[in-house]
Amino acid sequence: MNKLREQSKTFPFYILYCLIFIAGMSFSVTGAIIPEIATTFNLTSGEVSALPQAQFFGGFFGLVVLGFLLSHVSPRILLASSMLTMAVGALLIVLIARYSGLILFIFFCIGMSMSIIFGLTGVIVSQASGANSARNLNIHYSFMSAGVVLSPVLYGILVSAGLSYRAMFMIISGFAFAAGTAAGIIPLPPVQLGDGYTVHTIKAFFRDYSRFLAVILIMSLCYM
């Protein structure tokens, strides 16, 4: 118990706060840029709505994959690779000049990375906090909320300055690259995350909760 308390005092929570802050920015920017994306690429409402749908499906896939990867990949690699995937995806959105299925795939990958960051950082904070788990989780997810709120505001400022969504994604890409590199370099003390899913566990999950998942899927699609 004393060892856990000491770890909680010295654990570099700040890097996890940065990761989830950037993931929160990526989460909310999609809705903000949809009108400009539609105008830039001359898309219909139905076509442009595919972007948040791709992001949602990527997020759902990311949560499922995270449960499986916990038993096979170290948290450090998962955190760093997820942020770097987000950084590369945001940069590609800046460079793409013509709308294609590649954009949907990029939003899928960004959604997957976001979910891994949301889920994994929360588990790490909880396990590393000991008796302060509830308090530290509240602080942790407040950074996500800050990112969600700041992203549309920052985008509005950029648009007012005559810039486009590309400037916003350049900023997100730079933040994600810096944070992903830091996550791969800064030592993260080991925490007991437990065993991840197996293939059989995932199959059983979909079999036992298929109706519940169907309802969630339909609600999410209606929301989109």
Side-chain angles (χ1 to χ4, degrees), residues 16-63 79-122 140-183 220-221 223-224:
L16 302 180
Y17 297 160
C18 290
L19 295 180
I20 202 168
F21 173 81
I22 298 167
M25 290 184 66
S26 299
F27 175 79
S28 62
V29 73
T30 304
I33 68 166
I34 278 181
E36 185 180 357
I37 289 285
T39 301
T40 300
F41 296 106
N42 194 27
L43 303 178
T44 65
S45 298
E47 289 172 331
V48 78
S49 68
L51 296 180
Q53 289 177 14
Q55 190 175 33
F56 163 76
F57 283 116
F60 182 81
F61 180 75
L63 288 177
L79 293 175
S81 61
S82 295
M83 291 307 296
L84 293 177
T85 297
M86 191 181 300
V88 172
L91 182 59
L92 288 176
I93 292 174
V94 172
L95 299 176
I96 290 176
R98 195 169 53 178
Y99 185 83
S100 67
L102 176 60
I103 294 182
L104 295 178
F105 179 71
I106 291 172
F107 272 87
F108 178 90
C109 292
I110 290 176
M112 180 179 66
S113 299
M114 286 187 320
S115 282
I116 291 176
I117 295 297
F118 289 152
L120 182 55
T121 56
H140 180 65
Y141 283 106
S142 70
F143 277 87
M144 182 192 76
S145 300
V148 169
V149 172
L150 176 64
S151 189
V153 173
L154 178 57
Y155 172 67
I157 293 173
L158 294 174
V159 170
S160 298
L163 300 174
S164 71
Y165 70 91
R166 290 184 170 90
M168 184 66 194
F169 277 97
M170 280 292 293
I171 293 173
I172 292 177
S173 179
F175 283 173
F177 181 80
T181 302
S220 298
L221 289 176
Y223 173 76
M224 298 301 175

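Since the model is a prediction, treat every value here as computed from it, not as a measurement.
A 4.5 Å side-chain heavy-atom check between Ile93 and Phe107 finds at least one atom pair inside the cut-off. Considering only heavy atoms from C-beta on, Ser151 comes within 4.5 Å of Met168 through its side chain. Two residues are said to be in side-chain contact when any heavy atoms from C-beta on lie closer than 4.5 Å; Leu154 and Met25 meet this criterion. The side-chain heavy atoms of Leu158 and Ile171, taken from C-beta on, include a pair separated by under 4.5 Å. For the pair Met144 and Phe27, the minimum side-chain heavy-atom distance is 4.5 Å or more. Counting heavy atoms from C-beta on, the side chains of Pro52 and Ile34 come closer than 4.5 Å. For the pair Ile103/Ile37, no side-chain contact is recorded, criterion being any heavy-atom separation below 4.5 Å from C-beta on.
At least one donor-acceptor pair under 3.5 Å links the side chain of Ser160 to the backbone N or O of Gly156. Judged by distance alone, the side chain of Gln55 and the main-chain N or O of Phe108 form no donor-acceptor pair under 3.5 Å. For the pair Arg166 (side chain) and Ile96 (backbone), a donor-acceptor distance under 3.5 Å is present. In this structure a side-chain-to-backbone donor-acceptor pair under 3.5 Å is present from Ser113 to Cys109. With hydrogens and angles disregarded, a donor-acceptor distance shorter than 3.5 Å links the side chain of Glu47 to the backbone of Thr44. A donor-acceptor contact shorter than 3.5 Å links the side chain of Ser49 to the backbone of Gly46. Here the side chain of Ser115 pairs no donor or acceptor atom with the backbone of Gly62 at under 3.5 angstrom.
Between Ser26 and Ile172, the shortest heavy-atom contact is OG-CG2, 3.5 Å. Taking every heavy atom of both residues into account, Gly89 and Ile110 meet most closely at C-CD1, 4.1 Å. The minimum heavy-atom distance between Met83 and Ala179, with the atom names listed, is CE-CB, 4.2 Å. Considering every non-hydrogen atom in both Ile117 and Leu19, the closest pair reads CG2-O, 3.7 Å. In this structure, Leu91 and Ser173 approach most closely via the heavy-atom pair CB-OG, 3.6 Å. Taking every heavy atom of both residues into account, Ser28 and Pro152 meet most closely at OG-CD, 3.5 Å.
For Phe143 and Phe21, the gap between ring centers reaches or exceeds 6.0 Å.
More than 12 heavy atoms of other residues, nucleotides or ligands lie within 6.0 Å of OH in Tyr165, so this atom counts as buried by the packing criterion. Heavy-atom neighbours of Phe118 CZ from other residues, nucleotides or ligands within 6.0 Å: above the threshold of 12. Residue Phe177 qualifies as open at atom CZ: its count of foreign heavy atoms under 6.0 Å is 12 or below.
Between the CD1 atom in Ile106 and the OG1 atom in Thr85 there is a gap of 12.0 Å [rounded to 0.5 Å]. How far CG of Leu163 is from OH of Tyr155: 10.5 Å, rounded to the nearest 0.5 Å. Atom OH of Tyr141 is separated from atom CD1 of Ile20 by 5.0 Å, given to the nearest 0.5 angstrom. Annotation: the span from Leu95 atom CG to Met170 atom CE amounts to 8.0 Å, rounded to 0.5 Å. One distance of note links CG of Leu51 with CD1 of Ile33; it measures 7.0 Å at 0.5 Å rounding.
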Does the pair Phe41 and Val48 meet the rule for a side-chain contact (heavy atoms from CB on, under 4.5 Å), with working shown?
CA-CA 9 Å; Phe41 296 106; Val48 78; over 6 Å; no
